[in-house]
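A note on names: the letters A, B, ... follow the listed sequences, proteins ahead of strands, and every chain is numbered from 1. Please read these numbers as outputs of a predicted model, since none were measured by experiment.
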Amino acid sequence: MAKDKKLVEAITSMDTDFAQWYTDVVKKAELIDYSSVKGCMVIKPAGYAIWENIQNELDRRFKETGVENVYMPMFIPESLLQKEKDHVEGFAPEVAWVTHGGLNPLQERMCVRPTSETLFCDFYANDIQSYRDLPKCYNQWCSVVRWEKETRPFLRSREFLWQEGHTAHATAGEAEERTIQMLNLYADFCEEVLAMPVVRGKKTDKEKFAGAEATYTIEALMHDGKALQSGTSHNFGDGFAKAFDIQYTDRDNKLQYVHQTSWGMTTRLIGAIIMVHGDDSGLVLPPRIAPAQVMVIPIQQHKEGVLDKAAELRDILKKAGIRVKMDDSEKSPGWKFSEQEMRGIPIRVELGPKDIEAGKCVLVRRDTREKIECTLDQVAETAERLLQDIQKDMYARAKEHLESHISEVKSYAAFKDAVENKPGFIRAMWCGSEQCEVKIKEDTTATSRCMPLKEEAAVSDVCVCCGKPAHKLVYWGKAY
RNA sequence: CGAUGCGUGGCUCAGCUUGGUAGAGCGCUGCGUUCGGGACGCAGAGGUCGCAGGUUCAAAUCCUGUCGCAUCGACCA
């Protein structure tokens, strides 16, 4: 059919070229536009609204755990960045430098924050005096800049939006507790709100954050079987405290170093939503994060009464607490259907003269395309039920995809075969040496994603790479 | 930073080999007919061909330089 052909031209099929499919969806769903600066994107209303919903939901959850929002400067003097050795080595290659103020060279150059550990530490060093000042649980919503070589919308841009939480605690135990608490908060958010199942785990030393004692991560699996690190939570121990001299006086009048954490989630999550739920017709948004949950599309809207009735329907849905929009533009209905699908709006309501006469309307699920007829007086409850079903079903499908893309291997040959032929996570034992980790990466391009937090039965008792005794279970995979 | 590709109306591109003063489709504007899976007719608007030099009577086209963007690798959320 000619019409199908047009759709196919608009969005490349996932199976043909996943990377191109992703780019097409990002553009056709009008989430972003490219800007004139490489790697910096214009986030358009449809994309920003998703981010706002992510923000609102995360922010609410943070505050329930006692977190307060603050704002730090965006510039970091070079001397401040230099204070923690590992940290500066990790970030120096990708920071942007400000060298002039107006026409005059600065005495000391400053970088645009790639992350704000150093700023928070500098602040905490003065602000924290006594055990009574602890814990400090601050978070900031901001953008950061990392001068990436290769960029992709949402997944890796030179400037991206995120939140970074930075806490300071009296004891190592408290810091570890907060680190895990935030990791679980992230995971729950992904699963409950984004309908995106994740693997929770700890990073190996090689993969951990620059300057951290331990890094925890949630790893999601994209539709093409590649992993995406979707959120991280770091325990810094007292490393930064010692570098920045953040000390407090305890109850016994002794000076102690604080123990710190930091944790972050970014606009990359939008990329994850696209690649976990999207299909060949475009974006598919989980109802809980969708800016518009229902789109009302009038058919033959020029006919007497159609628009009025459609508006009435919209108002009923709105009153029921559903985020609803009506497309009364002069495009043809077919156009509007495609548009709604590309944008991933969970439910479309079709209403035309025939429906009005019969006192009915048609609801269409974005995820399954299933059509449900219902009487006009039942539209709100039908839509509410459908939204819940969609949210639940999307999670179930993503969960099924994740679980069916985990291979368990005992030998190196099987490992290589899995990387080649079974996209997804690979569960395999590891001896703990960085050598093996590097070798695996060189041989297969797969990296260690994480060591699962949850106790899982050992796959074998020897390292999948070197064959030496091993007791660490690692999830491996190709990653974005 | 390496490899590849691309810069021509808002978008996708043709034209470049062989130099002669810019085209198509889509989109946009107006009017009319349409409307249950990207409708159609008619009439319009819109481009110093990425930038800078050079060659030439004449450059989108040839030469030199330069900038930018995309995709793929190494590094990273």
Contact class for [X] (heavy atom, under 4.0 Å): base, sugar-phosphate, or nothing?
{"X": "A:Tyr34", "result": "sugar-phosphate"}
{"X": "A:Phe209", "result": "nothing"}
{"X": "A:Gln20", "result": "nothing"}
{"X": "A:Glu94", "result": "sugar-phosphate"}
{"X": "A:Gly264", "result": "nothing"}
{"X": "A:Ile297", "result": "nothing"}
{"X": "A:Val144", "result": "nothing"}
{"X": "A:Thr215", "result": "nothing"}

So, the side chain of A:Asn235 versus the backbone of A:Glu213: is there a donor-acceptor pair under 3.5 Å, distance only?
-> no
Can you check the [X] [atom1] to [N] [atom2] distance for me, whole Å?
{"X": "A:Leu155", "N": "B:C76", "atom1": "CG", "atom2": "C1'", "answer": "12 Å"}
{"X": "A:Asp33", "N": "B:G27", "atom1": "CG", "atom2": "P", "answer": "18 Å"}
{"X": "A:Lys336", "N": "B:C35", "atom1": "NZ", "atom2": "P", "answer": "14 Å"}
{"X": "A:Tyr480", "N": "B:A74", "atom1": "OH", "atom2": "P", "answer": "14 Å"}
{"X": "A:Ile372", "N": "B:G36", "atom1": "CD1", "atom2": "P", "answer": "21 Å"}
{"X": "A:Glu30", "N": "B:G27", "atom1": "CD", "atom2": "C1'", "answer": "13 Å"}
{"X": "A:Arg365", "N": "B:G37", "atom1": "CZ", "atom2": "P", "answer": "21 Å"}
{"X": "A:Asp24", "N": "B:U12", "atom1": "CG", "atom2": "C1'", "answer": "12 Å"}

Under 4.0 angstrom between [X] side-chain N/O and [N] OP1 or OP2:
{"X": "A:Lys331", "N": "B:C28", "result": "yes"}
{"X": "A:Lys441", "N": "B:C75", "result": "yes"}
{"X": "A:Ser332", "N": "B:C35", "result": "no"}

For the side chain of [X], starting at C-beta, report the closest nucleotide among [options].
{"X": "A:Arg348", "options": "B:C35, B:G37, B:C76", "value": "B:G37"}
{"X": "A:Glu150", "options": "B:G73, B:C76, B:G36", "value": "B:G73"}
{"X": "A:Glu148", "options": "B:C72, B:G36, B:C75", "value": "B:C75"}
{"X": "A:Lys354", "options": "B:C76, B:G36, B:C28", "value": "B:G36"}
{"X": "A:Arg146", "options": "B:C76, B:G36, B:G37", "value": "B:C76"}
{"X": "A:Lys149", "options": "B:C35, B:G37, B:C1", "value": "B:C1"}

Answer yes if the side chains of A:Thr204 and A:Glu437 hold a donor-acceptor pair under 3.5 Å, and no otherwise.
-> yes
Is there a donor in the side chain of A:Glu117 and an acceptor in the side chain of A:Ser262, or the other way round, less than 3.5 Å apart?
-> yes
Pairwise [atom1] distance, [M] and [N] [rounded to whole Å]:
{"N": "B:U61", "M": "B:U55", "atom1": "C1'", "result": "13 Å"}
{"N": "B:G65", "M": "B:C26", "atom1": "C1'", "result": "36 Å"}
{"N": "B:C13", "M": "B:G54", "atom1": "P", "result": "32 Å"}
{"N": "B:G30", "M": "B:A45", "atom1": "C1'", "result": "10 Å"}
{"N": "B:G44", "M": "B:C63", "atom1": "C1'", "result": "41 Å"}
{"N": "B:U21", "M": "B:A60", "atom1": "P", "result": "10 Å"}
{"N": "B:G47", "M": "B:U12", "atom1": "C1'", "result": "15 Å"}
{"N": "B:G37", "M": "B:G20", "atom1": "P", "result": "49 Å"}

Can you establish whether the number of heavy atoms outside A:Lys325 located under 6.0 Å from its atom NZ is more than 12?
-> no
In this structure, are over 12 heavy atoms from other groups packed under 6.0 Å from A:Glu89 atom CD?
-> yes
Which residue lies toward the 5' end of RNA chain B, A:Thr266 or A:His302, if each is placed at its nearest nucleotide?
-> A:His302
Given that A:Thr151 and A:Lys206 both sit by RNA chain B, which one's nearest nucleotide is further toward the 5' end?
-> A:Thr151
Write down the partner of [N] under the Watson-Crick or G-U wobble criteria, each distance required to be under 3.5 Å.
{"N": "B:U48", "answer": "none"}
{"N": "B:G41", "answer": "B:C31"}
{"N": "B:A22", "answer": "none"}
{"N": "B:A58", "answer": "none"}
{"N": "B:A14", "answer": "none"}
{"N": "B:G36", "answer": "none"}
{"N": "B:A70", "answer": "B:U4"}
{"N": "B:G53", "answer": "B:C63"}

A:Asp15/A:Ser13 under side-chain hydrogen bond (donor to acceptor under 3.5 Å, both in side chains): CA gap, chis, key distance, verdict | CA-CA 5 Å; A:Asp15 298 329; A:Ser13 155; 4.5 Å; no
A:Tyr138 and A:Phe120 aromatic ring geometry - parallel, tilted or perpendicular at 30°/60° bounds | tilted
With under 30° as parallel and over 60° as perpendicular, where do the rings of A:Phe209 and A:His87 fit, or are they tilted in between?
-> tilted
Which pair of non-hydrogen atoms, one from A:Cys465 and one from A:Lys439, has the smallest distance, and what is that distance?
-> SG-CD, 3.8 Å
Is a donor-acceptor pair below 3.5 Å formed from side chain A:Gln300 to base B:G36, judging by atom type as modelled?
-> no
